[in-house]
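What's counted below: heavy atoms across the whole structure, side chains too, no hydrogens, waters or symmetry copies. In what follows, chains carry the letters A, B, and so on, assigned in the order in which the sequence lines appear, proteins first and then strands, with residues in each chain numbered from 1. Fair warning: this is a prediction, and the values are worked out from it, not measured in the lab.
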Amino acid sequence: MRIKTRFAPSPTGYLHVGGARTALFSWLYARNKQGKFILRVEDTDLERSTEISTTNILNGLKWLGLDWDEEPTLQSARIHRYQEILNDMVDKKLAYYCDCSKSRLSSLREQQLAEKIKPKYDNKCRERNLKSSDNTVIRFSNPLNGKVIFDDLVFGKISVDNSELDDLVLQRSDGMPTYNFAAAIDDYDMEITHVIRGDDHINNTPKQINILEALAFQVPKFAHLPMILNEDGKRMSKRHDAVNVMQYREEGILPEALLNYLVRLGWSHNDQEIFSINEMIKLFDLANVNKASATFSKDKLLWINKNYIQNFENINYINELEDIIKQIGADIKLGPPLHKILPFFAKRSETLIDFAKDCLFLYTDKIEYNSPSVSRFFTNGIQTSMNKVVDMLEGAQGWSLEEISQIIKSVIKMDSLKFPQLAQPIRIALTGDTNSPGIAEVIFLVGKERTVARINAAIRLNS
RNA sequence: GUCCCCAUCGUCUAGUGGUUAGGACAUCGCCCUUUCACGGCGAAAACAGGGGUUCGAAUCCCCUUGGGGACGCCA
């Protein structure tokens, strides 16, 4: 049978890192097996679901490059199908109507909690044979005895006693199906072979298996993924943690890098750290997924990102970089085309934001001097040497790195200077700060005319 | 509280009965150096604890401890 996996987000926010990791593993598994990967939007909660959330989540997946097969399915479009099955279940006494009020349910729950027992529905309506009416829900007649055992592809054998489960609601009083019901039916109808999801769903699995088995529907295989914890070792939360995938984009993280970081959170292939997308697809398997939850490390993400930025020959991020430079307010036409500066800046940047800031002096003529550095390096008399550099640069025949480098060196020799004594004030004149690529490279990239203008301006200001 | 699950350096992990317990991030030191970086070399750093099983346990079993998850007309 052809492998088919799905990612089934609820449209109640954006794509967060946990969801992205789940989607990635699901996607990798399908791609590795030449199977299908589909999307299912679980929008059965009318209160919380929004269309904008669906768009956000899809955009997140697109940015990451996690492409899907088939049109995404909305559960809200399938209510007739759920209804059909529900009617059948009630007919077959696999499910029943229940009119217990929410207040009765909550006091029951409080009582059970007070008695220190697991809160469960007491099956009051199970044998009452109620008819459907405005306020009724449909509950599942969960088996009373025995246990549910399934073989999780990551965790191995998991066993839960039916006495731990209760008659869960399948359909709300507003007519919408609940998660455990809709997900089980959809996985069956959509012929999902492998349900890959977070391990917070382990406890739902026996419920879904019972529903499927009651209906004599085939049960898919399950693979639960360990959770991702934040740097405090707590579960990632929207309040405290950077969990929106698009936030990483704004921070200058490359999608390939985020994917690479995420794939190593819970999965490994010996000692390998860096994987191209194709390698991930080729090497991914569920057998090497870890069981323990993992802590998210921004440091390591940045390290991986740095690797990808350095690897500009294979990863194209010029358009993204250009957007950021424009956002900062610089004019890309003032300086060299971006692909020409890559070799000089790529190995210096952890993020695209760093990169953009570092190369900004090439794309703006408003140089803001870092004043403490100015006073430190613009020592008495250095202006004379700087003037010599200007003169020689103006007289230069060509404009090569080698030639520029020779000019700097000759002035240093002429005036008996140490390299930084001359290089630093020039660097400040050209870039505003003390940190940049090599001084000859900077001069080369800024260009003759602008270099001369900037050095002259700096000399005027500091003499 | 009840149930389910997990447990190797600070972090991500390799390891599937016999290893000096390996790699990576971060940290620290040295080297390189034209500033900041990059890079190179090196150091420190772990099998949660206790019982078994075994000639031999990080690896298998049990208990304890710690952590996570679930217990909704959320997903």
Looking at [N], which nucleotide sits across from it as a Watson-Crick or G-U wobble partner, both distances under 3.5 angstrom, or is there none?
N	value
B/rC60	B/rG52
B/rC41	B/rG29
B/rC71	B/rG1
B/rU34	none
B/rA14	none
B/rA7	B/rU65
B/rU19	none

Any donor-acceptor N/O pair under 3.5 Å between [N] base and [X] side chain:
X	N	value
A/Asp271	B/rG22	yes
A/Asp200	B/rA75	no
A/Gln112	B/rG1	no
A/Ser293	B/rC6	no

Considering only [options], which nucleotide approaches the side chain of [X] most closely?
X	options	result
A/Lys118	B/rC12, B/rA75, B/rC3	B/rC3
A/His201	B/rA75, B/rC12, B/rC73	B/rA75
A/Arg235	B/rC73, B/rG23, B/rG68	B/rG68
A/Asn204	B/rG1, B/rA75, B/rG23	B/rA75
A/Asn203	B/rC25, B/rA70, B/rC38	B/rA70
A/Ser10	B/rA75, B/rU34, B/rA24	B/rA75

Can you tell whether the side chains of A/Asp187 and A/Arg197 come within less than 4.0 Å, N to carboxylate O?
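No, no charged N to carboxylate O under 4.0 Å.
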Go through residues 102-111 of chain A and report each residue with a non-hydrogen atom lying under 4.0 Å from RNA chain B, sorted by number.
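When residues 102-111 of chain A is checked for heavy atoms under 4.0 Å from RNA chain B, the hits, listed by number, are A/Lys102, A/Arg109.
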Which value, in whole Å, describes the distance between the [atom1] atoms of nucleotides [N] and [M]?
N	M	atom1	answer
B/rC5	B/rC38	P	45 Å
B/rA58	B/rA7	C1'	11 Å
B/rC32	B/rA48	C1'	43 Å
B/rU59	B/rA14	P	16 Å
B/rC9	B/rA46	P	9 Å
B/rU65	B/rG50	P	15 Å

Donor-acceptor contact present, side-chain A/Arg40 to main-chain A/Pro72, <3.5 Å:
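Looks like no, no N/O pair under 3.5 Å.
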Examine distances only and state if a side-chain atom of A/Tyr317 and a backbone atom of A/Ile309 form a donor-acceptor pair shorter than 3.5 Å.
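The answer is yes, because a donor-acceptor pair under 3.5 Å joins these two groups.
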Got a second to check how far A/Leu24's CG is from A/Ile196's CD1, nearest 0.5 Å?
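Going from CG on A/Leu24 over to CD1 on A/Ile196, the span is 10.5 Å.
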Apply side-chain contact (heavy atoms from CB on, under 4.5 Å) to the pair A/Tyr97 and A/Val137, showing each step before the final yes or no.
CA-CA 6 Å; A/Tyr97 290 100; A/Val137 299; over 6 Å; no
Of all pairs that satisfy salt bridge (Lys or Arg N to Asp or Glu O under 4.0 Å), the ones with a partner from residues 151-170 of chain A, not counting sequence neighbours:
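Counting only pairs at least two positions apart or across chains, the salt bridge (Lys or Arg N to Asp or Glu O under 4.0 Å) contacts touching residues 151-170 of chain A are A/Lys118-A/Glu164, A/Arg126-A/Asp167.
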Between A/Phe296 and A/Tyr261, is the ring centroid distance below 6.0 Å?
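Yes - the distance between ring centres of A/Phe296 and A/Tyr261 falls below the 6.0 Å cut-off.
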For a quick check of understanding: with a heavy-atom distance under 4.0 Å over all strands, which category does A/Ser349 fall into, base, sugar-phosphate or nothing?
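Nothing: the residue A/Ser349, judged by heavy atoms under 4.0 Å, touches no strand.
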Starting at the 5' end of RNA chain B and moving along, which residue's nearest nucleotide shows up first, A/Arg139 or A/Leu113?
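Looking at RNA chain B, the more 5' nearest nucleotide goes with A/Leu113.
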If you assign each of A/Glu42 and A/Asn270 to its closest nucleotide in RNA chain B, which residue comes earlier from the 5' end?
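Closer to the 5' end of RNA chain B: A/Asn270.
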Is the positively charged end of A/Arg139 above the ring of A/Tyr121, judged by distance under 6.0 angstrom from the centroid and angle within 45° of the axis?
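Flagged: A/Arg139 positioned over aromatic ring of A/Tyr121.
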Side-chain donor-acceptor pairs of residues 357-364 of chain A under 3.5 Å, sequence neighbours excluded:
residue, atom, partner, partner atom, Å
A/Tyr363, OH, A/Pro336, O, 2.5
A/Thr364, OG1, A/Lys366, N, 3.1

